[in-house]
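None of these values were measured; they are calculated from a predicted model.
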Amino acid sequence: MEFTHAQANQISASTKDEILPAFRLGERVRIKKPIKNDGSNPFREPNEILVYPGAEGYVKFIGDWLQVIRIYEVHFIEEGETYGCREAELESIRDIDGYDEVEEELRWLREHRKQRSLEKANREKSQREGE
């Protein structure tokens, strides 16, 4: 699907963000730049570094700030905190190690559902034979 220039400007007016999100929900990411407290975290000192480069986390939510700047809500595992990050501050770990946890989870769910439906069919079959 191609967008006109006007449509593309309405989707994302920020020149740093792609039209479509670079990361998806549940994707494992690594921070490239330190995240400093801009004053939005009242429990930390202003300009204190909240997350250091190299910290890993998962994308929990994708939103917009001022309707033009894409923000990824990332839960950082070791820090136990969730912060908003820009695309330029993140890199996908999937590209680095080739491991896709979301795909693995979906595969497990499909196998589990298939097994449950077979068990259900076997139960129904044995009930019909018992009648």
Side-chain angles (χ1 to χ4, degrees):
M1 172 187 229
E2 292 188 30
F3 295 102
T4 65
H5 181 70
Q7 289 172 326
N9 285 340
Q10 289 175 348
I11 293 172
S12 177
S14 173
T15 57
K16 293 185 178 181
D17 295 339
E18 297 293 326
I19 291 175
L20 297 175
F23 309 104
R24 60 182 187 202
L25 294 176
E27 187 168 346
R28 200 168 108 196
V29 293
R30 179 179 295 136
I31 193 82
K32 296 191 296 187
K33 301 177 182 180
I35 298 178
K36 294 183 179 180
N37 184 13
D38 59 0
S40 59
N41 186 336
F43 305 107
R44 299 284 193 81
E45 293 294 319
N47 294 320
E48 179 182 349
I49 295 178
L50 303 172
V51 181
Y52 288 90
E56 297 180 2
Y58 292 89
V59 176
K60 287 177 59 178
F61 181 76
I62 302 171
D64 293 315
W65 182 67
L66 297 177
Q67 298 180 347
V68 294
I69 299 172
R70 186 169 299 114
I71 301 293
Y72 295 89
E73 187 177 296
V74 178
H75 177 73
F76 292 96
I77 303 162
E78 291 184 16
E79 291 76 7
E81 303 270 344
T82 301
Y83 295 108
C85 303
R86 298 283 311 272
E87 281 182 10
E89 298 170 333
L90 298 171
E91 64 182 351
S92 175
I93 296 179
R94 179 187 65 199
D95 297 337
I96 296 169
D97 65 7
Y99 180 65
D100 189 350
E101 292 170 338
V102 174
E103 187 58 39
E104 180 181 321
E105 184 73 18
L106 289 173
R107 186 172 1 98
W108 183 88
L109 284 170
R110 287 183 198 111
E111 291 172 4
H112 179 71
R113 288 177 181 160
K114 183 178 178 182
Q115 182 181 0
R116 296 280 295 183
S117 64
L118 287 173
E119 290 172 359
K120 182 179 178 183
N122 288 337
R123 275 195 310 268
E124 290 174 354
K125 182 179 176 183
S126 64
Q127 287 177 352
R128 279 182 283 191
E129 291 174 356
E131 292 177 348

Interatomic spacing from [atom1] in [X] to [atom2] in [Y] - rounded to 0.5 Å:
X	Y	atom1	atom2	answer
E73	Y83	CD	OH	12.0 Å
L109	E111	CG	CD	9.5 Å
E105	R110	CD	CZ	11.0 Å
R113	R116	CZ	CZ	11.5 Å

If Ile, Leu, Val, Met, Phe, Trp and Tyr residues are connected whenever their side-chain heavy atoms lie under 4.5 Å apart, and connections chain through other members, are [X] and [Y] in the same group?
X	Y	value
Y58	V29	no
L50	V59	yes
I62	I35	yes

Kindly give the heavy-atom pair with the smallest separation between [X] and [Y], and that separation in Å.
X	Y	value
V74	C85	CG2-SG, 4.1 Å
I49	P34	CG2-CB, 4.0 Å
S92	E27	OG-OE2, 2.6 Å
E89	R86	OE1-N, 2.9 Å

Side chains of E45 and N37: closer than 4.5 Å at any heavy-atom pair?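 No; the side chains remain at least 4.5 Å from each other.
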
With heavy-atom distances below 4.5 Å as the criterion, would you say the side chains of K60 and L25 are in contact?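 K60 vs L25: side chains apart.
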
Taking everything shown except E119 itself, do over 12 heavy atoms lie less than 6.0 Å from its CD?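 Yes.
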
Would you say that more than 12 heavy atoms from the other residues, nucleotides or ligands in this model lie under 6.0 Å from the NZ of K32, or not?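 Yes, NZ of K32 has more than 12 neighbouring heavy atoms, counting only those of other groups under 6.0 Å.
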
Please identify each residue that fulfils side-chain contact (heavy atoms from CB on, under 4.5 Å) with E79, with sequence neighbours left out.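 Per chain and number, E79 pairs via side-chain contact (heavy atoms from CB on, under 4.5 Å) with V51, A55, F76, E81.
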
Strictly by ring pair (Phe, Tyr, Trp, His ring centres under 6.0 Å), give each pair with a member in residues 22-43 just once, sequence neighbours left out.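 Output for this query lists F23-Y72.
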
Tell me, with the steps shown, if E91 and R30 meet salt bridge (Lys or Arg N to Asp or Glu O under 4.0 Å). CA-CA 5 Å; E91 64 182 351; R30 179 179 295 136; 3.7 Å; yes

S117: what forms a side chain to side chain donor-acceptor pair (under 3.5 Å) with it, not counting sequence neighbours?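 Per chain and number, S117 pairs via side chain to side chain donor-acceptor pair (under 3.5 Å) with no residue.
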
